[in-house]
Amino acid sequence: MKRDTYADRFLSGQELWGDDFTDEQIQEWFADEREAYADLGSAEPRTPYGYNGINSFLGFRTLPRRRFSHALGVGSSFGEEFLPILHAVDRITILEPSDRLRSTNLQGFPLEYVKPVPSGEMPFEAGAFDLVLCLGVLHHVPNVSRVVGEIGRVLAPGGWVVLREPVVSMGDWRSPRKPGLTLRERGIPRHIFETAVDQAGLSIRSSVFCMSPMTSRIGRAVRRNLYATQTGAFVDRTLAVTTAWNYRYHATRAWQKIRPTNVFITAERRGD
């Protein structure tokens, strides 16, 4: 039998597909993903925002109790993910490629938008922000390590970053994508994700599994979005912990899919 070297490299989770692409390949990927999320039906603000519970439970409550003078949202679209900490932020800038996923304000709080470039280089001075949110965005990006490195560069020493990403393959992306997925998205293996964060000059203060597939099933049964509340997030975290032993990047059988699918990281920028 001919060995599947592609699967050995990428579906095994040993390497990240896209992280070493050429400039031309990155530009093609960027063009495919620019409006892909809006095309899935997310071109209007979500009311209420469906992830405030899990973001607060696993992310925001691990932040120090302080004010943040300037926060950056990477791919934050309408900015709803800032709602639980809006009272502690003085200014918000959002790096957003889509022309459709934008708003002038968030419940009266002004939002500033800047467009990213395919290379991943961010048009900001080093240390320009003391808080960065990047929630469910990096898996849409080819050159993940470069973008995480830029997050580290624009974050001031002592600043904080909150990250959440799928750490499973999300299927074999050589095949037609399942409904609800964009053309290019794929998860980031946990060890590659954490290594990129560390190499960006960020000290991980919390890194936990979350988003068990069982959570969505329970939510459908009780007709509730469990990710929207901290109680639901606690249920999800419990399910993630109890199935963490079964974690693998790419599942090929039904029983292998009963495992946490995301990792939530909070990290602090190390001093120079």
Side-chain angles (χ1 to χ4, degrees), residues 45-46 48-49 51-99 101-117 119-138 141 144-165 193-194 196-208 230 233 263-272:
R46 291 154 288 186
Y49 180 63
Y51 295 98
N52 279 339
I54 192 170
N55 290 348
S56 296
F57 185 70
L58 296 180
F60 299 144
R61 75 172 187 161
T62 67
L63 294 175
R65 292 187 177 182
R66 51 167 283 192
R67 290 202 66 80
F68 296 96
S69 61
H70 196 180
L72 173 66
V74 179
S76 296
S77 62
F78 303 107
E80 302 111 317
E81 59 203 39
F82 281 98
L83 285 172
I85 56 169
L86 200 58
H87 63 282
V89 177
D90 295 328
R91 180 183 175 190
I92 296 175
T93 296
I94 295 178
L95 192 65
E96 175 57 58
S98 172
D99 290 324
L101 303 177
R102 295 180 177 226
S103 178
T104 57
N105 68 86
L106 178 65
Q107 295 186 357
F109 192 103
L111 302 175
E112 305 170 38
Y113 284 88
V114 175
K115 277 199 170 186
V117 294
S119 70
E121 181 178 353
M122 296 183 181
F124 308 113
E125 296 293 329
F129 304 94
D130 52 3
L131 176 65
V132 177
L133 304 188
C134 185
L135 300 170
V137 173
L138 294 172
V141 172
V144 170
S145 295
R146 173 68 188 278
V147 174
V148 175
E150 279 292 278
I151 289 174
R153 182 185 68 80
V154 304
L155 192 61
W160 288 78
V161 59
V162 180
L163 305 159
R164 171 174 43 79
E165 291 296 329
F193 188 21
E194 292 180 336
V197 171
D198 178 70
Q199 292 180 347
L202 303 164
S203 295
I204 296 175
R205 303 306 185 197
S206 175
S207 177
V208 296
Q230 293 199 48
V263 160
F264 217 122
I265 292 176
T266 54
E268 182 180 10
R269 181 67 168 90
R270 294 192 287 270
D272 295 335

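The structure displayed is predicted, hence computed values, not measured ones. We use all heavy atoms of the structure for the numbers below, so side chains are in, but hydrogens, waters and symmetry mates are not. Each residue takes its place number in the sequence, starting with 1.
- Here the side chain of Glu165 pairs no donor or acceptor atom with the backbone of Val263 at under 3.5 angstrom.
- Applying the ring-ring contact (aromatic ring centres under 6.0 Å, His included) test to Phe193 and every residue at least two apart in sequence or in another chain returns nothing.
- Looking at every heavy atom in both residues, Ala267 comes nearest to Val197 through CB-CG1, 4.1 Å.
- At a threshold of 4.0 Å, the pair Asp99-Lys115 counts as salt-bridged, since one of the basic side-chain nitrogens sits closer than that to a carboxylate oxygen.
- Under a 3.5 Å cut-off, the side chain of Arg102 and the backbone N or O of Ser98 do form a donor-acceptor pair.
- Between atom OG of residue Ser76 and atom CD of residue Glu96 there is a gap of 7.5 Å, rounded to the nearest 0.5 Å.
- In terms of the salt bridge (charged side-chain N to carboxylate O under 4.0 Å, His left out) criterion, residue partners of Glu194 (sequence neighbours excluded) are, by chain and number, Arg190.
- Judged by distance alone, the side chain of Tyr113 and the main-chain N or O of Ser103 form a donor-acceptor pair under 3.5 Å.
- Looking at Ile265 and Leu202, their side chains never come closer than 4.5 Å, going by heavy atoms from C-beta outward.
- In terms of heavy-atom proximity, Arg67 sits nearest to His87 at NH1-O, 2.6 Å.
- Summarising the geometry of Val141 relative to Val144, their closest heavy-atom pair is O-CG2, 3.4 Å, with the distance given to 0.1 Å.
- The heavy-atom pair separating Pro123 from Val114 by the smallest distance is CG-CG1, 3.6 Å.
- A pairwise comparison of heavy atoms in Val89 and Ile85 identifies CG2-O, 3.4 Å as the closest pair.
- Taking OG1 of Thr104 as the reference point, atom CD of Glu112 lies at 12.5 Å (rounded to 0.5 Å).
- In this structure, Ser56 and Pro84 approach most closely via the heavy-atom pair OG-CB, 3.5 Å.
- A heavy-atom distance below 4.5 Å is found between the side chains of Val147 and Met122.
- The structure places CZ of Arg270 at 4.0 Å from OG of Ser203, a figure rounded to the nearest 0.5 Å.
- In this structure, Val162 and Trp160 have side chains that are not in contact, with every pair of non-hydrogen atoms separated by 4.5 Å or more.
- For the pair Asp130 and Arg91, the salt-bridge criterion is not met [side-chain N within less than 4.0 Å of a carboxylate O].
- Looking at residues two or more places apart in sequence or on another chain, you find a side chain to side chain contact (heavy atoms under 4.5 Å, CB included) between Ser145 and Asp19, Ala196.
- Annotation: the span from Ile92 atom CD1 to Phe82 atom CZ amounts to 5.0 Å, rounded to 0.5 Å.
- Using modelled atom types, no side-chain atom of Arg205 and backbone atom of Leu63 make a donor-acceptor pair closer than 3.5 Å.
- By the 4.5 Å heavy-atom criterion applied to side chains, Arg269 and Val154 are not counted as neighbours.
- Once rounded to the nearest 0.5 Å, the distance linking CZ of Phe78 with CG of Leu106 reads 11.5 Å.
- We find the CG-CG distance between Leu131 and Asp90 to be 11.5 Å, quoted to the nearest 0.5 Å.
- The side chain to side chain donor-acceptor pair (under 3.5 Å) test with Asn55 is passed by exactly one of Glu81, Glu80, Arg164: Arg164.
- Looking at Thr266 and Thr62, their side chains do bring a donor and an acceptor atom within 3.5 Å of each other.
- Residues Phe60 and Leu133 meet the side-chain proximity criterion, which asks for heavy atoms closer than 4.5 Å.
- No side-chain heavy atom of Leu72 sits less than 4.5 Å from a side-chain heavy atom of Cys134.
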